[in-house]
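Notes follow once the structure below has been shown.
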Amino acid sequence: MDERDFNLPDYVQMIDEVKQELEQEREKIEEKTKLVDWAKQYLKGAQQELYNLHLDMKKLQEELSKQQKENESLKQQLIEERERRAMREMELAEMSKLSAGMAKKSSEEALLKALSAYVNRSKRKTADKRAFAKTAVLEIANANGLALPMDLSTAIDSLDDEQTEPKNVTVNGNYNDIHDNGGVNLNK
């Protein structure tokens, strides 16, 4: 080798340049390493978040399933309650009709009883008053749409018939004798 070919400063400079390039390369690698480490940490966190989301989603699906079952149960209860309510309303309507019928029937019975009592009392009255009573009772029965029982109808029809006047009986003797003896002693 020739001394001319060997220039120490050039070699030193060349070594410095290589060292500098290696240092730059090392810095790039360190930056990449930091970036890779950060990416690994980020991916690890993202993986944990995905796992947590998966668990949360499973819980929500279980809750949703539970709520759907509860909703179905409540829906069934509502249907049953509506059916019971409709049944109760129908029963109430029937009871109302029955009560109205009973009230009408009891008022008809009371009216028939009152008319019967009036007819029986009117039998002892004068002919004019019996004729008026007959007309009044028939008009009341027609106005109220009453079906008269046979015995009352017969009694009403016979109200204006000619009747013999009631006879007065006079008893001579002591009033107490009659009641104490249970009969009348005519031998006194």
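- Taking each heavy atom of Arg130 and Lys125 in turn, the nearest pair found is NH1-O, 2.7 Å.
- Listed by chain and residue number, Glu23, Glu30 satisfy the side chain to side chain donor-acceptor pair (under 3.5 Å) test with Arg26 (two or more places apart in sequence, or in another chain).
- Taking the side chain as every heavy atom from C-beta outward, Ser116 and Lys113 never approach each other to under 4.5 Å.
- There is a path of hydrophobic side-chain contacts, each under 4.5 Å, that joins Val12 to Met14.
- For Ser158 (side chain) and Thr154 (main-chain N/O), a donor-acceptor pair under 3.5 Å exists by modelled atom type.
- Heavy atoms of other residues, nucleotides or ligands lying less than 6.0 angstrom from CD of Glu31 number 12 at most.
- Taking CD1 of Ile15 as the reference point, atom CG of Leu22 lies at 11.5 Å (rounded to 0.5 Å).
- The shortest heavy-atom contact between Pro149 and Leu112 is CD-CD2, 3.9 Å.
- In this structure, CD in Glu72 is found 9.5 Å from CG in Leu74, a value given to the nearest 0.5 Å.
- For Gln77 and Glu81, the side-chain atoms include no donor-acceptor pair closer than 3.5 Å.
- Looking only at side-chain heavy atoms (C-beta outward), Asn7 and Pro9 come within less than 4.5 Å of each other.
- For the atom pair CD of Glu62 and NZ of Lys58, the computed distance is 7.0 Å after rounding to the nearest 0.5 Å.
- The one candidate from Leu159, Leu152, Ile156 that meets the side-chain contact (heavy atoms from CB on, under 4.5 Å) condition with Val137 is Ile156.
- For the pair Phe132 and Asp128, the minimum side-chain heavy-atom distance is 4.5 Å or more.
- By the neighbour-count criterion of 12 heavy atoms within 6.0 Å, atom CZ of Arg84 is densely surrounded, having more than that number from other residues, nucleotides or ligands.
- By the neighbour-count criterion of 12 heavy atoms within 6.0 Å, atom CD of Gln47 is sparsely surrounded, having that number or fewer from other residues, nucleotides or ligands.
- How far CG of Leu138 is from CG of Leu146: 11.0 Å, rounded to the nearest 0.5 Å.
- Rounded to the nearest 0.5 Å, atoms NZ (Lys134) and OH (Tyr118) are 13.5 Å apart.
- When each of Lys75, Gln76, Arg82, Glu80 is paired with Leu78, the side-chain contact (heavy atoms from CB on, under 4.5 Å) condition holds for Arg82 and for no other.
- With contacts defined as side-chain heavy-atom distances shorter than 4.5 Å, the pair Glu108/Asn144 does not qualify.
- Between Lys32 atom NZ and Asp37 atom CG the span is 14.0 Å, to the nearest 0.5 Å.
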